[in-house]
Protein chains: 2
Amino acid sequence: MPTAVTARNHATAAPPRRASAFRAIAPEAAEMPLYRVVKRALLQAIEDGTYPPGAALPNETALAATFGVSIGTLRHAVDELAADHILVRRQGRGTFVASHNADRSVFQFFHIERADGLREAPTVELLGFERARLDEDAAQALGAPAGEACFAIETRLALQGRAVAYDRIVIPAALFRGLTEKRLRDRPSTIYHLYQTEFGITVVRAHERLRAISADRTVARVLGLPHGAPVLQVRRTALTFGDKPVEHRVSTVNTSHHDYVNLLTRPI
Amino acid sequence: MPTAVTARNHATAAPPRRASAFRAIAPEAAEMPLYRVVKRALLQAIEDGTYPPGAALPNETALAATFGVSIGTLRHAVDELAADHILVRRQGRGTFVASHNADRSVFQFFHIERADGLREAPTVELLGFERARLDEDAAQALGAPAGEACFAIETRLALQGRAVAYDRIVIPAALFRGLTEKRLRDRPSTIYHLYQTEFGITVVRAHERLRAISADRTVARVLGLPHGAPVLQVRRTALTFGDKPVEHRVSTVNTSHHDYVNLLTRPI
DNA sequence: CCCAATTTGTTCGTATGTATA
DNA sequence: TTATACATACGAACAAATTGG
């Protein structure tokens, strides 16, 4: 729950701007603007489950009162969280914690579309599920020691019945305690939705590094390509709050009929 | 020059919110919020050269007065333009029209970096320059009829002396009247800086479609790769204001030692 | 080195418009 | 229709960064 703080009066006499009780509980934020302190507090409340995914936040007036800031300052904080896809605002309804419905996962994290521009959600087929140990690459990506316990998941993604990508996913076992092949197979929605609803892990952003490689035997078999065919390799690190890595994924994509699409910067 | 408008008083009596002279000069914006009308007017002023790249805008108080809006509304408009990299704000100095210095071109439009994460600006070598006619692909990307006159430019990009990318650039001749190989070769900075300073064309964003292909003879020769090696093909359409396409570029990248990097969403 | 002027950044508060249930 | 919530717009005061004297 966000900490209640005493209201401050800005225009009069001159209460020192940095002396609010609110700031006192976040000493590391000493020289941070107030709206950013509020943003952090909201993030913290989302992380610790005070406001779970899909939940509505209190209205702006109430939130501002809770934090002891003006509604303008509160809105500034919420604006940034909305820009980061952490919150979703809906006029007339409220402000909600973003949840990993199919749309979000597809539009924010899935970048493959047909060469003619048709965009749709892939069908996912589970090819493998096993307990394993982090190899060097995955360990580095996850910021964990090599050899640590993990789950290794393999899936094949298809668009219009055509196999398009072969994904090898590595996630730390410590974060996903109790994951079983059955739970993974029976998930009703995307895998990021499963992370969120079953393990309380919300993927908020990711970075990807791409290169062209030749299909090895495994890739060729899974994607139905000739051995040695050029394929796109996408290495993704998915991050949760505080830029903590929670998933390492290597996608190998057949780009004969599909493209990886990158829309740079925001539209005007 | 931004059009001066009579100031409106919001809090009192009740002058109809939609009846300002400002709105009257932009009838298509009838149902657009005021801050967005201001944003469009600023964009227009930047496009038509009232505020050229690098120029300082009048200060916020003056701009707000010019448009006849409150400073909060003016700031809302400027905020969005800054988020779009059209304007750059500097506390204590002013607000400036973004210009295509090397940094901007590199950080906003160049996505190749060494596999170990080292990021630097490429050295560019001009391989070819000729007048040509738009082929089907380029015509579609540029939204122009095939066969129209264009310039076809070929460059090789190197990082630390190693050839990394082979770029084929197509730009409409009509937009770049007077471009010569010498002017291109003698440019002091990036090619987008040349577009901006010599032809008044500012690239504000772009979209890219990526796929893996096999190096043909030309690519193999230019990049020093074996024929058939897997390479990354990046097809970029660069856009200016109003999402008007101004450049079509096909980059072919040797990703043996470098990656194409995509940082998804904004940092928190 | 410090001071004053200028400009954006932050914060406050209030009133009204618009979408939703 | 009414109530609620976010969206837009107004205005004011002070903080912080920059520049030039």
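Note on naming: letters A, B, ... go to the chains in the order of the sequence lines (proteins, then strands), and numbering restarts at 1 for each one. Values below: every heavy atom of this structure, side chains too, minus hydrogens, waters and symmetry copies.
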Non-neighbouring partners of [X] that pass side chain to side chain donor-acceptor pair (under 3.5 Å), sequence neighbours left out:
X	value
B/Thr202	B/Gln196
B/Asp186	B/Lys182
B/Thr73	B/Ser70
A/Arg209	B/Glu113, B/Asp259

Check: Taking only N and O in the side chain of B/Thr73, is any of them less than 4.0 Å away from OP1 or OP2 of D/dT8?
Finding: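 So the side chain of B/Thr73 is outside the cut-off, no N or O lying under 4.0 Å from OP1 or OP2 of D/dT8.
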
Review point. Any side-chain N or O of B/Thr61 less than 4.0 Å from the OP1 or OP2 oxygen of C/dT7?
Key: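 So the side-chain polar atoms of B/Thr61 never come under 4.0 Å of the phosphate oxygens OP1 or OP2 of C/dT7.
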
The criterion is side-chain contact (heavy atoms from CB on, under 4.5 Å); which residues satisfy it with [X], sequence neighbours excluded?
X	result
A/Thr61	A/Asn59, A/Ile71
B/Arg93	B/Arg90, B/Phe96
A/Pro52	A/Ala55
B/Thr190	B/Ala102, B/Ser105, B/Tyr192, B/His193

How many whole angstroms separate atom [atom1] of [X] from atom [atom2] of [N]?
X	N	atom1	atom2	answer
A/Leu34	C/dG9	CG	C1'	13 Å
B/Arg75	D/dC14	CZ	C1'	13 Å
B/Leu63	C/dG9	CG	P	13 Å
A/Asp79	D/dT8	CG	C1'	12 Å
A/Leu74	D/dA7	CG	P	12 Å
B/Ile71	D/dA12	CD1	P	11 Å
B/Leu57	C/dT7	CG	P	12 Å
A/Glu60	C/dG13	CD	P	15 Å

Five-pair end axes of the helix from C/dC2-D/dG21 to C/dA21-D/dT2, angle between them (10°):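 Inter-axis angle at the termini of the helix from C/dC2-D/dG21 to C/dA21-D/dT2: 20°.
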
Pairs where residues 190-201 of chain B contributes a residue and the test salt bridge (Lys or Arg N to Asp or Glu O under 4.0 Å) is met, not counting sequence neighbours:
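The answer is B/Arg183-B/Glu198.
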
Short N/O separations, protein against nucleotides 19-21 of chain C, under 3.5 angstrom:
| residue | atom | partner | partner atom | Å |
| --- | --- | --- | --- | --- |
| C/dA21 | OP1 | A/Arg93 | NE | 3.4 |

Determine whether B/Leu42 and B/Leu81 satisfy the following criterion, side chain to side chain contact (heavy atoms under 4.5 Å, CB included), listing intermediate values before the conclusion. CA-CA 9 Å; B/Leu42 282 170; B/Leu81 290 168; 3.8 Å; yes

- prompt: In terms of ring plane angle, is the pair B/Tyr35 and B/His76 parallel, tilted or perpendicular, where the classes change at 30° and 60°?
  reply: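 Answer is parallel, since the angle falls under 30°.
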
Using a strict heavy-atom distance below 4.0 Å, which residues from residues 94-104 of chain A are in contact with DNA chain D?
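Output list: A/Gly94, A/Thr95.
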
Please pick, from D/dT8, C/dG9, D/dA7, the nucleotide with the shortest atom-to-atom distance to any side-chain atom of B/His76.
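Nearest nucleotide to the side chain: D/dT8.
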
To the side chain of B/Asn59, which of C/dT8, C/dT10, C/dC12 is closest?
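Nearest nucleotide to the side chain: C/dT8.
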
Q. Would A/Leu159 and A/Arg114 count as a side chain to side chain contact (heavy atoms under 4.5 Å, CB included) if you check the C-alpha gap in whole Å, the side-chain angles of each, and the deciding distance to 0.1 Å?
A. CA-CA 8 Å; A/Leu159 290 169; A/Arg114 216 164 62 182; over 6 Å; no

